[in-house]
Amino acid sequence: MAHTVRRSAVLTPAIALVAGAFLVLAPTSPAPAEPATAEPAPAEPASCEPAAELDRRLGELGRNGYAWVIASQPLPGNLYGVTSIDARTVRIASNVPCELIPSVVNHEWAHTQQGYRYGTEIRTRRAFGSDAMERVADCASWLLGSTYTPYLTRDRKLTGQWCTGYELASARDLIGRATATSRG
Ligand SMILES: [Zn+2]
């Protein structure tokens, strides 16, 4: 259902644009008042498909041996993505705006790299600390080009701090490190 809401939200500007174009043309070519109902034009501008975005970004980063799925529903706590290092799964929430999917994939991919380094969820969390684990994943995500870095944005509001030097170094190490898939 969240999909339906999102997709119609995406379609609305396109329809508005078509209507606007019609209104601009109308004075010079007074067409017969044809109700603008027809079919929603096949000229849908570069539509964003969540599954295609997921595949495209993972094609660039690699899946790291994880099963990546777009969940059928929003995730508990309204999280946009959840990586289970022990289960080797990544779930992306159904309500992530399509254009943010690459950012969410970048962040979760960083978690898979963290997990690859430490092996299990508990060891990874222990190594980083839960909060730093998220911040470093966001720093890596940001270095990978993300426009959406919720933990950094939240913390900057609170403390004015973006990534620290240590976090950036840690994030660069995760990005530069061989991936689980490339090492087999
Ligand atoms: Zn995270």
Side-chain angles (χ1 to χ4, degrees), residues 2-3 5-6 48-183:
H3 267 65
V5 171
R6 185 193 61 69
C48 187
E49 260 309 315
E53 280 299 285
L54 178 70
D55 279 347
R56 186 188 60 74
R57 190 57 181 139
L58 288 174
E60 294 163 347
L61 291 173
R63 289 171 188 264
N64 268 356
Y66 281 64
W68 295 72
V69 297
I70 295 178
S72 55
Q73 296 173 2
L75 296 175
N78 207 27
L79 292 169
Y80 271 2
V82 172
T83 295
S84 169
I85 290 167
D86 295 338
R88 297 287 191 271
T89 59
V90 179
R91 285 181 301 149
I92 308 292
S94 62
N95 58 337
V96 177
C98 189
E99 63 277 11
L100 295 188
I101 283 190
S103 294
V104 175
V105 169
N106 289 341
H107 176 99
E108 302 306 327
W109 183 87
H111 282 322
T112 69
Q113 287 290 78
Q114 290 170 325
Y116 179 59
R117 183 168 184 178
Y118 293 101
T120 64
E121 185 100 29
I122 200 155
R123 284 174 56 193
T124 308
R125 289 204 177 274
R126 217 174 267 156
F128 284 92
S130 285
D131 196 50
M133 186 170 168
E134 294 300 348
R135 284 184 51 85
V136 169
D138 248 6
C139 293
S141 178
W142 178 61
L143 289 173
L144 288 166
S146 291
T147 55
Y148 177 72
T149 49
Y151 297 94
L152 295 178
T153 301
R154 174 202 64 189
D155 291 352
R156 183 161 64 178
K157 275 185 198 140
L158 294 173
T159 66
Q161 177 73 56
W162 196 247
C163 300
T164 64
Y166 167 79
E167 287 165 343
L168 278 178
S170 184
R172 286 201 182 96
D173 179 60
L174 290 178
I175 292 170
R177 180 168 293 270
T179 61
T181 32
S182 67
R183 281 211 200 156

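Order of appearance sets the numbers: ligands from 1, and atoms from 1 within every ligand.
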>> Please name the atom of H111, limited to N, O or S, that comes nearest to the Zn ion (ligand 1).
In response: NE2

> In chain order, what residues pass the side chain to side chain contact (heavy atoms under 4.5 Å, CB included) check against S103, with sequence neighbours excluded?
Replying inline: S146, T147, Y148

> For residues 82-106, which residue pairs qualify under ring pair (Phe, Tyr, Trp, His ring centres under 6.0 Å), counting only residues two or more places apart or in two chains?
Replying inline: none

> Does any N, O or S atom in D138 come within less than 2.8 Å of the Zn ion (ligand 1)?
Replying inline: no

>> Only N/O/S atoms count here: what is the atom of E134 closest to the Zn ion (ligand 1) called?
In response: OE1

> So which heavy atom on Y80 is nearest to which on V104, and how close?
Replying inline: O-CG1, 3.7 Å

>> Quick check: do T164 and Q161 have side-chain heavy atoms less than 4.5 Å from each other?
In response: yes

